[in-house]
Amino acid sequence: MLRGITPHCLDKRIHHVELRNRRLRWPITRSLPRYLKDQKFIRISRRAKYLLFETVNGGFLLHLGMSGSLRVTGVGQEFLKHDHVEIQFTDGKVLRFNDPRRFGCLLWSSKDLSDHPRLRGLGVEPLTGDFSASYLKSCFKDRKMSIKQALMDQKIVVGVGNIYVSEVLFKCGIHPVRRCGRISVQRLNRLVESVKIILADAITSGGTTIRDFLDAKSKPGYFSQQLAVYGRENLPCIRCKSLVRRVVISGRSTFYCPKCQK
DNA sequence: ATCGCCTCCTGCGCGC
DNA sequence: TGCGCGCAGGAGGCGA
């Protein structure tokens, strides 16, 4: 994602910004076109599920929600349904933000973006050394919530969504309703390993490649045929053939094998 | 402090 | 064939 966008947008003069629909999760500031005109993005980075676009005078956080996507195309190309923002560069390229469900957001701030309230208090990045069994042990100490909820808590670790949490817990053999504070360090080690493998896998197989950004609509980054348990209620577990169960935890479907996961 | 539940929105798949 | 309903997801925010 980041690598696909950056070469087309970094250090390019912004010629014009078109706001076609401001009503996302939070309204996009009306002033965005004025703020960005004649500026350049001097840094484009990522934190958790946010992309950070910075100019010398401020910048914005962009969250894709679950249905959002970014495209790089040429000026004058036909708009797609749900293209909400277009940023035109002086070289004739444009960046478009499309989000059918409008769960995403674009938040302008004139202050240091890394200090933004939306980023404050976020947990560690899962694919770094900060995410470890000892880290989880300290987070989970005296906590009663289920391991499923704990893994999806962005204040603990970022990037684990509802689909992948089922996959992770299946892979390491932990029951989704198990209390997080009552898991041995040995099992936490397996859990950490599973998170890293599942997420790295997801990025490789479903993550958007650089090529996808040029005039192609990118699809959500997961493919149901590669999911081991998610969505497989009453189908045989791929490991032991027991029937996969579905439970609702904090309002979200959760899938697990009653025999493989304890 | 911590946790459970509701909410936003659109597209899709299902059943009638 | 067509319509309408219910569900799916990330994460803030509120009430208990």
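In what follows, chains are A, B, ... by sequence order, proteins preceding strands, each numbered from 1. What you see is a predicted model, and the numbers here were worked out from it, not measured in a lab.
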Inset, instruction - Compare the aromatic ring of A/F103 with the six-membered base ring of C/dA11 and state whether they stack according to the 5.5 Å and 30° rule. - result: no
Inset, instruction - Report yes if at least one side-chain N or O of A/H82 is closer than 4.0 Å to OP1 or OP2 of B/dG11; otherwise report no. - result: yes
Inset, instruction - Could you check whether A/R179 gets within reach of a base, just the sugar-phosphate, or nothing at all, counting any heavy atom under 4.0 Å? - result: nothing
Legend entry - Side-chain-base donor-acceptor pair under 3.5 Å for A/R252 and C/dG10: yes
Inset, instruction - Just compare C/dG10, C/dA8, B/dC9 and give me whichever is closest to any side-chain atom of A/R246. - result: C/dA8
Inset, instruction - Decide yes or no on side-chain hydrogen bond (donor to acceptor under 3.5 Å, both in side chains) for A/S31 and A/R34, but give the supporting numbers first. - result: CA-CA 5 Å; A/S31 308; A/R34 182 164 59 80; 3.3 Å; yes
Legend entry - Value in whole Å for how far the P atom of C/dA11 lies from CD1 of A/I163: 13 Å
Legend entry - Stacked cation flag A/R118 on A/Y50, 6.0 angstrom / 45 deg: no
Inset, instruction - Looking at every strand, decide which applies to A/G251 at a 4.0 Å heavy-atom threshold: base, sugar-phosphate, or nothing. - result: nothing
Inset, instruction - Determine the sole option in A/V85, A/D99, A/L70 for which the side-chain contact (heavy atoms from CB on, under 4.5 Å) test with A/L62 is passed. - result: A/L70
Inset, instruction - Nearest-nucleotide wise, let me know which of A/G65 and A/R118 is further upstream toward the 5' end of DNA chain C. - result: A/G65
Legend entry - d(CG, A/D142; C1', B/dA1) in whole Å: 12 Å
Inset, instruction - Please assess A/K81 against A/N98 for the test side-chain hydrogen bond (donor to acceptor under 3.5 Å, both in side chains), listing each intermediate value before the final yes or no. - result: CA-CA 8 Å; A/K81 195 175 182 183; A/N98 182 288; over 6 Å; no
Inset, instruction - Using heavy atoms and a sub-4.0 Å distance, could you list which residues of residues 143-152 of chain A are near DNA chain B? By number, please. - result: A/R143, A/K144, A/M145, A/Q149
Inset, instruction - Could you check whether A/R25 gets within reach of a base, just the sugar-phosphate, or nothing at all, counting any heavy atom under 4.0 Å? - result: base
Inset, instruction - Using only side-chain N and O atoms of A/K155, determine if any of them is under 4.0 Å from OP1 or OP2 of B/dT2. - result: no
Inset, instruction - For A/K141 and B/dT2, give me the distance from atom NZ to atom P, rounded to whole Å. - result: 13 Å
Legend entry - Nucleotide C/dA8, atom C1' - distance to CZ of A/F255 in whole Å: 10 Å
Inset, instruction - Look at the side chain of A/K49 and decide which nucleotide, out of B/dG11, C/dA11, B/dC9, has an atom nearest to it. - result: C/dA11
Inset, instruction - May I have the distance from A/L80 (atom CG) to B/dG11 (atom C1'), rounded to whole angstrom? - result: 16 Å
Inset, instruction - List the atom of A/R182, the atom of A/R178, and the distance in Å for their closest heavy-atom pair. - result: O-NH1, 3.4 Å
Inset, instruction - Could you tell me whether the side chain of A/E167 and the main chain of A/A228 form a donor-acceptor pair under 3.5 Å? - result: yes
Legend entry - C/dA8 phosphate, OP1 or OP2, under 4.0 Å from A/S253 side-chain N/O: yes
Legend entry - Strand DNA chain C in bracket notation, Watson-Crick/G-U under 3.5 Å with | for pairs to another chain: .|||||||||||||||
Legend entry - Joint hydrophobic cluster, A/L51 plus A/L122, side-chain heavy atoms closer than 4.5 Å: no
Legend entry - Nucleotide C/dG10, atom P - distance to CG of A/D99 in whole Å: 13 Å
Inset, instruction - Take atom CZ of A/R20 as the centre, draw a 6.0 Å sphere, and report whether it contains more than 12 heavy atoms from other residues, nucleotides or ligands. - result: yes
Inset, instruction - Please state how far atom CG in A/L64 lies from atom P in B/dC9, giving the value in whole angstrom units. - result: 19 Å
Inset, instruction - Please list, chain by chain and in numerical order, all residues satisfying side-chain contact (heavy atoms from CB on, under 4.5 Å) with A/D38, sequence neighbours excluded. - result: none
Inset, instruction - Would you indicate, yes or no, if B/dT10 has its OP1 or OP2 atom less than 4.0 angstrom from a side-chain nitrogen or oxygen of A/R102? - result: yes
Legend entry - Rounded interatomic separation in angstrom, taking CD1 from A/I28 and C1' from B/dC8: 15 Å
Legend entry - A/K37 atom NZ, over 12 foreign heavy atoms within 6.0 Å: yes
